[in-house]
There are 2 protein chains.
Amino acid sequence: MATIYEVSTLAGVSLATVSRVINNNSRVSDKTRQKVTDAMAELDYRPNSIAQSLASNRTNSVGILVSELHGPFFGQMMAGIESELRLSGKHVIITTGHSEEEREKDGIEFLISRNCDAIILHVEAVNDEYLIELCKGNTPVYLMSRYVAAISENCISLNNELGGYLATKSIIEQGHSAIAYIAGPQFKSDAKCRLAGHKRALTEYNIPFSDTLYFEGDFKETGGCDGLEHFINSNKPFTALICANDEMASGAITYAREQGFSLPDELSIIGFDNIIFSQHTYPKLTTIDNPVNLMGHMAAKLVLKNTYKQKNINITHSFEPTLITRDSVISAV
Amino acid sequence: MATIYEVSTLAGVSLATVSRVINNNSRVSDKTRQKVTDAMAELDYRPNSIAQSLASNRTNSVGILVSELHGPFFGQMMAGIESELRLSGKHVIITTGHSEEEREKDGIEFLISRNCDAIILHVEAVNDEYLIELCKGNTPVYLMSRYVAAISENCISLNNELGGYLATKSIIEQGHSAIAYIAGPQFKSDAKCRLAGHKRALTEYNIPFSDTLYFEGDFKETGGCDGLEHFINSNKPFTALICANDEMASGAITYAREQGFSLPDELSIIGFDNIIFSQHTYPKLTTIDNPVNLMGHMAAKLVLKNTYKQKNINITHSFEPTLITRDSVISAV
DNA sequence: TTGTATGCGTTATCAG
DNA sequence: CTGATAACGCATACAA
């Protein structure tokens, strides 16, 4: 592989000049620039990004930590981040935390040790204090889908409380009052906020929150099955089921049908996130849209603006969920 | 950040010795080793991975190119690769090709320019010649889910032809003979092989292949809708529908129900890939299992063995699909 | 506008 | 077993 040195001798200029045309920041006369580019072309020269990084103290890479690499939610998020960053020639180093504290911390250490210029985190298990402390380090840290007040400028988050509220409100306005709720793991802030919104809606309509119609699921399909099974066994009647995400809703739908429910007639179900597959459940899932792809783009823009000093970028830190009405919710009789 | 130099002075040894204990390859006396590790601890020293890379000509990173970051198929694949590599302290740089030739080539260039120690590709648009040529370069190249004979040692692939055969055979053995087929884009080798398997099964049972019951879809949900719509409009009767992947199958299921079909009574449907969501369609999708997560692990192992010279690794280059029987296929009347 | 000199933090090749 | 010392390929003050 040709080096900058060979280019410089072939072009008959100095190392520094070649470096200047590569980074075209400083002024170089058109003539010498031409000589250099010709030499680069002739030698098929490619800058060594590692050497560039060592000399400039910049790697042009941003680290991403997600809970899982699979799953529709993270897929959309990563796609948003990567496509935005790629346009600016930055690359992403992706690792996983599996929603476990140790593994999340380990992943963060890993990314930092890799000299990422910034890291974007979707962490669920580590606590706020840890994150606040982390932000004091040398590597800029950004949070996806999580709001920590002390570092709010570094957060791109969804108003999950509002989403939870909207879901429940829409159910209530269809005339339901016996409402079961399958929450996400309560150590996850998303899940907690969605539940809070649910409770606010109940309160607003003077519907008491029932412990027997509450179940904490795992945000996966199994959580939906388990939750619904739990409610059925409790023998307390309900006409609507709210799931804190679409995976659990689809699990619940599957289980409900196995138990002989006619859907949506005998049970209305609503989800949260609007993953692609929610259009293909039967009945088609009514849900809350979570613009996670957009949020991914925005997190990337935040990095571009703060870390790479790009101009004319406007940041929206908070996103709003919206109700997507499909077929899985009908009026209570 | 402390450097190796500071560690050496604090420990009272030379640079070289510190480097030796970091990489613990060469022998160092226990005493000096202890002094060095103590000094490292005291200074909270972390090796600079960029400098290591420049000096050693190894980045400990492997590039991955997938068509899309979202989607259940790629998610499972990436998860397999990443988790395997992460165990050995290697990291993944992920980029996308969107099944378009130019973008795939661009992504490959990008990964190579990043000095990846190896790259794992899931490419669909570039041709075999390009890949063969690529393998002659300095960066080792591995292919996921694609078989190119000339570089078969670098391929981890599924026997898609067999999968296509199994799907069709299982349908035929349920007594169906009027069978519609929605293929994937025929420039993708997976799609082509699955179709070939389909045709082999038809031939074996003396069922003629019908052009009017063939449709080339896009491997997405829409492909399933469009294909089924096409068949319905053609007015040629059919009792079973084979889709070349699960996304199209779920799209077809949704569309079929919208058109008033009673499933699976009036139409049997089978998919391919066994994505997680295939358990949650209604009826639950009968499909062909594609062990893509396992294949991801294997691709990573191949890199570990060839590029990182790890011992005792056994490689399986070819994987076999299997039939997963659920509820979407029933006997023809 | 261009060139010189030095540093970035390691690894690796020699001797000793 | 340990220590000098030269790469690695480039960026960047500082001069000219």
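As the structure is a computational prediction, the values presented were derived from the model and not from experiment. Sequence lines set the chain letters: A, B, ... in the order given, protein chains first and strands last, and positions in each chain run from 1.
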Is [X] salt-bridged to [Y], going by a charged N under 4.0 Å from an acidic O?
X      : Y      : value
B:E101 : B:K105 : yes
B:E82  : B:K90  : no
B:R33  : B:D38  : no
B:D128 : B:R146 : yes

Item to check | B:Y5 side chain near C:dT11 phosphate (N/O to OP1/OP2, under 4.0 Å) | outcome: no

Checklist entry - Has A:Q52 got a side-chain N or O lying under 4.0 Å from the OP1 or OP2 atom of D:dC10? => result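 No.
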
Next on the checklist: Students often get this wrong, so: under 4.0 angstrom with heavy atoms, is A:R58 touching a base, only sugar-phosphate, or nothing?
Outcome noted: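 Since no nucleic acid heavy atom lies under 4.0 Å of A:R58, the category is nothing.
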
Next on the checklist: Any base atoms under 4.0 Å from B:N57, or only sugar-phosphate, or nothing? Heavy atoms, all strands.
Outcome noted: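 Nothing, no nucleic acid heavy atom in range.
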
Checklist entry - Given side chains that start at C-beta, do those of B:T96 and A:S83 come closer than 4.5 Å, heavy atoms only? => result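 No; the side chains remain at least 4.5 Å from each other.
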
Item to check | B:L121 side chain reached by B:E104 side chain, heavy atoms, under 4.5 Å | outcome: no

How many Å lie between [atom1] on [X] and [atom2] on [N], as a whole number?
X      : N      : atom1 : atom2 : result
B:D30  : D:dC1  : CG    : P     : 9 Å
A:E6   : D:dC8  : CD    : C1'   : 13 Å
B:N60  : C:dT11 : CG    : P     : 11 Å
A:I4   : D:dC8  : CD1   : P     : 14 Å
B:K31  : D:dC1  : NZ    : P     : 12 Å
B:R114 : D:dC10 : CZ    : P     : 14 Å

Checklist outcome for this item: When B:T32 and A:N48 are each assigned the nearest nucleotide of DNA chain D, the 5'-most assignment goes to B:T32

Next on the checklist: If you assign each of B:R33 and B:A51 to its closest nucleotide in DNA chain D, which residue comes earlier from the 5' end?
Outcome noted: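 So the residue in question is B:R33.
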
Next on the checklist: Of the options D:dC1, D:dC10, D:dG9, whose atoms approach the side-chain atoms of B:L54 most closely?
Outcome noted: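 Among the listed nucleotides, the one closest to the side chain of B:L54 is D:dG9.
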
Checklist entry - Does anything in residues 10-22 of chain B reach DNA chain D, meaning a heavy atom under 4.0 Å, and if so which residues? => result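 Correct list: B:V13, B:S14, B:A16, B:T17, B:R20.
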
Checklist entry - Pick from B:S67, B:S145, B:S189: which one makes a side chain to side chain donor-acceptor pair (under 3.5 Å) with B:E124? => result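 So, applying the side chain to side chain donor-acceptor pair (under 3.5 Å) to B:E124 and each of B:S67, B:S145, B:S189, only B:S67 qualifies.
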
